[in-house]
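Take a look at the structure set out below.
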Amino acid sequence: MTSKRSLFVLGATGGTGRALVEQALGRGHRITAFVRSPEKLGPPRDGLTVLGGDPRNSDELRAVLPGHEAVLSALGPPGIGPSTLVADSARSTVAAMRASGVRRLLVVGVAVLFEHDGLLSAIARWTFLRNVAKDHAEMERIVGASGLDWTIARPPRLTNGELTHAYGVADGRMPPGARLTISRADVADFLLDEVEHPKHLRQIVGMASLRRRPS
């Protein structure tokens, strides 16, 4: 039986963040959602605390992080234009975690950063996703040098599909035989499994839907 944990979620108003909150509550965990627009998460619910704040502000984070067992970040850039939101938030999060003694950090990255994942990925990385790739690469550099107990999940194109549990994971690469998509629900499922039963400490994990569901 999984023990209840107190989890701190960044990016909870986005698609993956919402899936994280819903699944975590369903598993019995206590959630603090730290968001810029608290009204987007609706009325209060048992097990969910919603706090307004800026994830780029380490002082704001430091004030509310104590007492949590892990931080899960599903923050993404506002678009494909130039942005440092993901990296700036990682920098403030790491500083606040160090100050408050919270060590477990799980972050959603992007699969386009895998350098040996084919021509299409390389083209995307250097053309229309170049700003996204740059921001996430700096985030990964910050997280990797943090000294925390981190895990970075790199999914490919995210969909609003159902929770399938039919996805593959691999350390340092994309899983073989996987698709170029994965549902946000499945990404959330992996992150929560990793919180409950760590198997990929200090690893960058490729993940994607399997072409055929396991029997």
Exercise for the section: Only one of S89, S146, S58 passes side-chain contact (heavy atoms from CB on, under 4.5 Å) with V94; say which it is. Expected result: S146
Exercise for the section: Check for a donor-acceptor pair, side chain of S183 on one end and backbone N or O of E162 on the other, with a separation under 3.5 Å. Expected result: yes
Fill in the blank from the handout: Rounded to the nearest 0.5 Å, the OG1 atom of T32 sits from the CG atom of L48 at a distance of 8.0 Å
Problem - Ion pair E196/R27, N-O distance below 4.0 Å - result: yes
Practice task
Using atom types as modelled and distance alone, determine if a side-chain donor or acceptor of T159 lies under 3.5 Å from a backbone N or O of G161.
Solution key: yes
Handout entry: Distance flag, aromatic centroids of F190 and H200, threshold under 6.0 Å
Key = yes
Handout entry: Any donor-acceptor N or O pair under 3.5 Å, side chains H29, Q23
Key = no
Exercise for the section: Look at R91 together with E138 and state whether they make a salt bridge at an N to O cut-off of under 4.0 Å. Expected result: yes
Handout entry: Lys/Arg-Asp/Glu bridge criterion (N-O < 4.0 Å) met for E22, R45
Key = yes
Exercise for the section: Apply salt bridge (Lys or Arg N to Asp or Glu O under 4.0 Å) to the pair E140 and R154, showing each step before the final yes or no. Expected result: CA-CA 11 Å; E140 291 194 358; R154 284 185 182 175; 2.6 Å; yes
Handout entry: Carboxylate-amine/guanidinium contact D149 R202, below 4.0 Å
Key = yes
Exercise for the section: Indicate yes or no for a side-chain donor-acceptor contact from H197 to the backbone of E194 under 3.5 Å, with no hydrogens or angles considered. Expected result: no
Exercise for the section: Classify the side-chain pair D186/T164 by whether it contains a donor and acceptor separated by less than 3.5 Å. Expected result: yes
Exercise for the section: Dump the intermediate steps for salt bridge (Lys or Arg N to Asp or Glu O under 4.0 Å) on R184 and D189, then the final yes or no. Expected result: CA-CA 9 Å; R184 293 175 172 87; D189 180 70; over 6 Å; no
Exercise for the section: Mind checking the CG-CD1 spacing from L191 to I152? Nearest 0.5 Å is all I need. Expected result: 11.5 Å
Practice task
Return yes if a side-chain donor-acceptor contact under 3.5 Å exists between R104 and T151, otherwise no.
Solution key: yes
